[in-house]
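Notes to accompany the following structure.
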Amino acid sequence: SKLIVRRLLLVLPLLFTTMATSASSKLSKAVKQQYMDLPQGDQVQAMYIWIDGTGEGLRCKTRTLDSEPKTLEDLPEWNFDGSSTYQSEGSNSDMYLIPQAMFRDPFRKDPNKLVLCEVLKYNRKPAETNLRQMCKKIMGMVQNQHPWFGMEQEYTLLGTDSHPFGWPSNGFPGPQGPYYCGVGADKAYGRDVVEAHYRACLYAGVKICGTNAEVMPAQWEFQVGPCEGIDMGDHLWIARFLLHRVCEDFGIVASFDPKPIPGNWNGAGCHTNFSTKEMREEGGLKYIEESIERLAKRHQYHIRAYDPKGGLDNARRLTGHHETSNINEFSAGVANRGASIRIPRSVGQEMKGYFEDRRPSANCDPYAVTEALVRTCLLNEESEEPVKYK
């Protein structure tokens, strides 16, 4: 009888599921494709992308170029109204877009481009949520150590009504257990989005290296890396943009909220793998352990850097339950998914490799996370505030 009840818990949600999707997703894609197939001559559409004043949201707009840009120098600076993106007052609203990274556009296809930009204020100083500029400076200080990163981005698929994709409209799916890396209509919710996003990333040139269904139903993860230095932040932000854009076509929403559903459900993180040339070579475990000792002394600094609200978002997630550490305590261990820092078992055996910081939230800024790791582990900073370098 227990087996029958368990099977009913898995099947019943599928019988009572409705999903709120956007009206634009119901427009005819066949009609649109007629126009997308038209030749565009030598002209190119360049979509400029930037982080808005929330530190989480992405904005974009497109301009026409007379020829295909081959380098960043071929891309002109641009501007936008910062008063509509939480980045300036209406009386002085012009903000500058400075191209920093270029990718192929999987939606308009070659020769069209996606352009990731930094935002500067009217006085040419970085906007408050432009964390890239300082991150690049810090990465430049340690480039001879070749810092590599890999970030595991978890996210949750939602309807436009913020209800998790595939969940029953007036209840919950069966308990966690069969969904992680699951297969089948009763276990994997929204795989079409995942496959489309994966291919879009490959086309764009994003260093995506894998994907899987996560522990909570309608939750997924993709991994980006290894990337060296500033490339980590650039590639993860573009991967997030591509996910939002793919979800737009399907009429649903991708959420990076670190705890989208309260209660006995897993949260969403952005586990960050880190190594240097010394860590990857023979005897590298020594340098990994030294870095972990430094991280242990600077726990609160990292907690503040690991979500855009200075730790408040992560407080909902890092409870010590659901494969997380406690936000108030630092811990480390081999193959321990309940620790702040996990050393993979293979690294412990081979005495070299990398470590995984499991504290960053799903909505973290990768520039802030990677910069914090370099400051503490490689620049040996110890204070609760980041050092100001000339």
Side-chain angles (χ1 to χ4, degrees), residues 100-104 116 131-132 135-136 138-155 194 197-212 214 220-243 269-292 295 302 305-306 332 334-335 337 341-362 364-379:
Q100 297 294 342
M102 183 166 60
F103 297 82
R104 298 169 72 195
L116 182 65
L131 306 186
R132 186 185 188 279
C135 181
K136 186 177 181 181
I138 295 300
M139 293 301 168
M141 294 171 65
V142 298
Q143 60 184 351
N144 62 327
Q145 299 188 54
H146 300 284
W148 287 7
F149 303 92
M151 299 186 79
E152 305 170 19
Q153 178 69 72
E154 295 178 335
Y155 62 95
V194 175
H197 173 248
Y198 203 145
R199 192 61 59 90
C201 284
L202 291 174
Y203 183 94
V206 170
K207 291 183 180 178
I208 187 169
C209 58
T211 188
N212 59 270
E214 264 306 328
W220 295 80
E221 173 183 301
F222 64 87
Q223 302 94 32
V224 174
C227 295
E228 186 166 330
I230 196 67
D231 285 350
M232 183 68 254
D234 292 349
H235 282 249
L236 189 65
W237 273 116
I238 288 295
R240 287 174 173 177
F241 172 83
L242 293 173
L243 180 61
C270 193
H271 303 154
T272 301
N273 302 283
F274 175 60
S275 70
T276 62
K277 187 173 184 291
E278 288 180 323
M279 294 178 192
R280 297 187 291 270
E281 293 175 344
E282 293 301 321
L285 185 60
K286 169 192 172 186
Y287 300 102
I288 291 173
E289 291 173 340
E290 288 176 356
S291 288
I292 292 173
L295 290 167
H302 283 265
Y306 284 2
V334 175
R337 284 180 161 74
I341 305 294
R342 180 182 72 94
I343 299 175
R345 190 170 300 283
S346 61
V347 172
Q349 293 170 345
E350 297 173 14
M351 307 288 284
K352 64 179 180 179
Y354 66 97
F355 66 84
E356 176 191 46
D357 193 332
R358 297 178 61 81
R359 295 171 293 176
S361 66
C364 70
D365 189 319
Y367 298 129
V369 172
T370 56
E371 178 187 323
L373 283 166
V374 166
R375 284 178 176 272
T376 300
C377 299
L378 305 187
L379 298 178

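Keep in mind that the numbers below use all heavy atoms, side chains included, and drop hydrogens, waters and symmetry copies. None of the values given here were measured: they were computed from a predicted structure.
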Distance (rounded to the nearest 0.5 Å) between [X] [atom1] and [Y] [atom2]:
X      : Y      : atom1 : atom2 : value
Arg358 : Asn273 : CZ    : CG    : 9.5 Å
His197 : Leu243 : NE2   : CG    : 4.5 Å
Arg359 : His271 : CZ    : NE2   : 11.5 Å
Thr272 : Tyr306 : OG1   : OH    : 6.5 Å
Thr370 : Asp231 : OG1   : CG    : 10.5 Å
Lys207 : Leu236 : NZ    : CG    : 13.5 Å

Quick check: do [X] and [Y] have side-chain heavy atoms less than 4.5 Å from each other?
X      : Y      : value
Asp357 : Val369 : no
His146 : Arg280 : yes
Phe149 : Leu373 : yes
Glu371 : Leu131 : no
Val224 : Cys201 : no
Tyr287 : Glu281 : no
Phe274 : Leu378 : yes
Ile288 : Tyr354 : no

I need the minimum non-hydrogen distance between [X] and [Y], along with the two atoms involved.
X      : Y      : value
Asp234 : Phe103 : O-CZ, 4.3 Å
Cys270 : Met151 : SG-CE, 3.8 Å
Gln153 : Ala362 : NE2-O, 2.9 Å
Ala372 : Ala305 : CB-CB, 4.1 Å
Met279 : Ser291 : CE-OG, 3.2 Å
Gly229 : Met139 : CA-SD, 3.7 Å

[X] side chain to [Y] backbone, donor-acceptor under 3.5 Å:
X      : Y      : value
Gln223 : Ile208 : no
Glu154 : Gly269 : yes
Arg104 : Gly205 : no
Arg342 : Glu356 : no
His235 : Pro226 : no

Between Leu295 and Phe355, does a side-chain contact (heavy atoms from CB on, under 4.5 Å) hold up when you go through it step by step? CA-CA 12 Å; Leu295 290 167; Phe355 66 84; 3.7 Å; yes
Exceeds 12 heavy-atom contacts within 6.0 angstrom, atom CE of Met141: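 Yes - once you tally the heavy atoms of other residues, nucleotides and ligands closer than 6.0 Å, there are more than 12.
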For Trp237, look at atom CH2 and say whether over 12 heavy atoms of other residues, nucleotides or ligands are found less than 6.0 Å away.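 Count over threshold, so yes.
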So, using side chain to side chain donor-acceptor pair (under 3.5 Å) as the criterion, who are the partners of Gln100 when residues are at least two apart?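 In terms of side chain to side chain donor-acceptor pair (under 3.5 Å), with neighbours along the sequence ignored, Gln100 is linked to Arg132.
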Hey, can you tell me if Phe222 and Tyr155 have their rings parallel, tilted or perpendicular (30° and 60° cut-offs)? tilted
Carefully, step by step, assess Leu285 and Glu350 under the rule side-chain contact (heavy atoms from CB on, under 4.5 Å). CA-CA 8 Å; Leu285 185 60; Glu350 297 173 14; over 6 Å; no
For Trp220 and Glu214, what are the C-alpha separation, side-chain angles and deciding distance, and is it a side chain to side chain donor-acceptor pair (under 3.5 Å)? CA-CA 5 Å; Trp220 295 80; Glu214 264 306 328; over 6 Å; no
